[in-house]
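Following: one structure in structure tokens, then a few remarks.
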Amino acid sequence: MHTHKIGRREALTLIGAAGAAAAFGCSNPVTSPSTTSTTTDPASTNASCAVTPGETAGPFPSVTSLVRSDIREDRQGVPLTLTIKVVNSSAGCAAVAGASVEVWHADVAGNYSEYSSEASRTYLRGIQTTDTSGQVVFTTIYPGWYQGRATHIHVEVKTNGVSRKVTQMAFPESVNNTVYVSGVYASRGSNPTSNAADMIFSDSLASELVTPTGSPATGYSVTFQVGIAA
């Protein structure tokens with residue numbers, strides 16, 4: 001895994017999240033792993049094809065390489081079809097084929113696999129290689145939440161084995177609230193941390209907010225474009 005230096009914003013967020021998680025009793029304590037942040041790429045000169053903001057990689061980056069499209073394993077939740085498209089912001093949003101795209105996120109209970117009490121598990125993690133359109137598609141569930149963070153999914157993009165972008169995607173509060181009163185999510189209820197209150201998304205939400213289509217009954221689909229300066 002590529003090592004990143006942690007910035008002040010990420011450090012404050014992780015410290016706050018760690019304390020909140022301890023108070024809540026989450027089985028995975030939210031602490032800062034060795035891979036924690038990424039350097040933001042130079043701003044794109046094409047306003048309609050901007051470089052995606054770089055964000056912290058943890059918690060909790062993968063410790064194994066799981067090449068697969070269906071990352072659910074035994075995790076229950078509202079189905080989510082996640083399409084990620086990687087584009088070159090320095091070349092008019094040209095598709096980036098052959099890029100490695102890795103995702104990871106929390107389950108309904110707010111836990112991550114591969115860490116703490118879930119160290120032997122590998123759910124909700126996966127890697128795929130972009131096709132000629134610069135796209136990969138993952139089958140997963142709508143992410144759960146944990147104290148101190150807004151609902152999110154982590155994404156890392158590599159080309160030729162080099163990390164080009166570590167970022168996160170946010171979800172609309174209206175969709176979160178609809179999902180979190182349904183099915184297996186209902187016992188925990190809504191996420192108390194909004195996107196606006198989240199220190200990761202507070203200054204970059206417009207660039208990282210996805211627009212899900214669907215419903216808890218039928219599942220959701222989202223597309224997230226990641227712009228890199230290749």
Side-chain angles (χ1 to χ4, degrees), residues 13-33 55-63 66 68-82 103-126 138-155 168-202 205 208-222 224:
T13 300
L14 291 171
I15 291 170
F24 189 75
C26 179
S27 66
N28 284 331
V30 183
T31 56
S32 174
E55 303 292 5
T56 177
F60 285 97
S62 298
V63 297
L66 301 164
R68 58 187 182 177
S69 59
D70 188 335
I71 65 175
R72 293 173 295 179
E73 297 187 7
D74 63 346
R75 297 297 92 174
Q76 300 298 304
V78 172
L80 176 67
T81 301
L82 171 59
V103 299
W104 64 98
H105 67 84
D107 68 1
V108 170
N111 297 322
Y112 285 86
S113 63
E114 297 191 337
Y115 288 84
S116 190
S117 64
E118 303 296 286
S120 64
R121 306 302 306 277
T122 56
Y123 55 78
L124 306 181
R125 301 177 178 278
F138 290 96
T139 300
T140 186
I141 62 169
Y142 201 92
W145 59 268
Y146 53 89
Q147 289 283 351
R149 283 301 317 276
T151 303
H152 62 282
I153 292 179
H154 299 266
V155 181
Q168 298 179 28
M169 66 181 73
F171 291 78
E173 310 290 356
S174 59
V175 180
N176 290 338
N177 292 337
T178 298
V179 171
Y180 292 153
V181 296
S182 69
V184 294
Y185 301 85
S187 62
R188 298 193 72 212
S190 295
N191 187 347
T193 305
S194 67
N195 290 324
D198 186 290
M199 294 181 67
I200 295 297
F201 294 133
S202 60
L205 181 60
E208 296 166 303
L209 185 67
V210 297
T211 305
T213 59
S215 71
T218 62
Y220 287 93
S221 296
V222 299
F224 185 56

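Just so you know, residue 1 is the first one in the sequence shown, and it goes up from there.
L66 CG to T122 OG1: the interatomic distance, rounded to the nearest 0.5 Å, is 5.0 Å. The CG atom of D198 sits 7.0 Å away from atom OG1 of T193, with the distance rounded to the nearest 0.5 Å. Rounding to the nearest 0.5 Å gives a distance of 13.0 Å between CG of L124 and CH2 of W104. With rounding to the nearest 0.5 angstrom, the CG atom of N111 is 6.0 Å from the OG atom of S117. The OH atom of Y185 sits 10.0 Å away from the CG atom of N176 when rounded to the nearest 0.5 Å. A distance of 7.0 Å separates OG of S113 from CD of E73, quoted to the nearest 0.5 Å.
Nearest approach of A106 to G110, heavy atoms of both residues: CB-C, 3.8 Å. Shortest non-hydrogen contact noted between S182 and V78 is OG-CG2, 4.3 Å. The shortest heavy-atom contact between F171 and P212 is CD2-CG, 4.1 Å.
By the salt bridge (Lys or Arg N to Asp or Glu O under 4.0 Å) test, E114 pairs with R125, sequence neighbours left out. A search for side-chain hydrogen bond (donor to acceptor under 3.5 Å, both in side chains) contacts involving S190 returns N177, not counting sequence neighbours. Every residue meeting the side-chain hydrogen bond (donor to acceptor under 3.5 Å, both in side chains) condition with S215, not counting sequence neighbours, appears here in chain and number order: T218. R72 pairs by the side-chain contact (heavy atoms from CB on, under 4.5 Å) definition with D70, T139, I141, not counting sequence neighbours. Listed by chain and number, the residues in a salt bridge (Lys or Arg N to Asp or Glu O under 4.0 Å) with E173 amount to none (sequence neighbours excluded). S221 is linked by a side-chain contact (heavy atoms from CB on, under 4.5 Å) to T81, T213, counting only residues two or more places apart in sequence or in another chain.
The closest donor-acceptor contact from the side chain of Y115 to the backbone of P61 lies under 3.5 Å. A donor-acceptor contact shorter than 3.5 Å is absent between the side chain of D107 and the backbone of G144. The backbone N or O of G189 lies less than 3.5 Å from a partner atom in the side chain of W145, making a donor-acceptor pair.
Looking only at side-chain heavy atoms (C-beta outward), Y220 and V210 stay at 4.5 Å or farther from each other. In this structure, the side chains of Y180 and N191 come closer than 4.5 Å at one or more pairs of heavy atoms. Between L80 and P143 there is a side-chain heavy-atom pair separated by less than 4.5 Å. Residues Y142 and V175 form a side-chain contact, since some pair of their non-hydrogen atoms from C-beta on lies under 4.5 Å apart. Residues M169 and V155 meet the side-chain proximity criterion, which asks for heavy atoms closer than 4.5 Å.
Of the listed residues (E208, R149, E55), just one forms a side-chain hydrogen bond (donor to acceptor under 3.5 Å, both in side chains) with Q168, and that residue is R149.
A tilted orientation is assigned to the rings of Y112 and H152, their planes being inclined by 30° to 60°.
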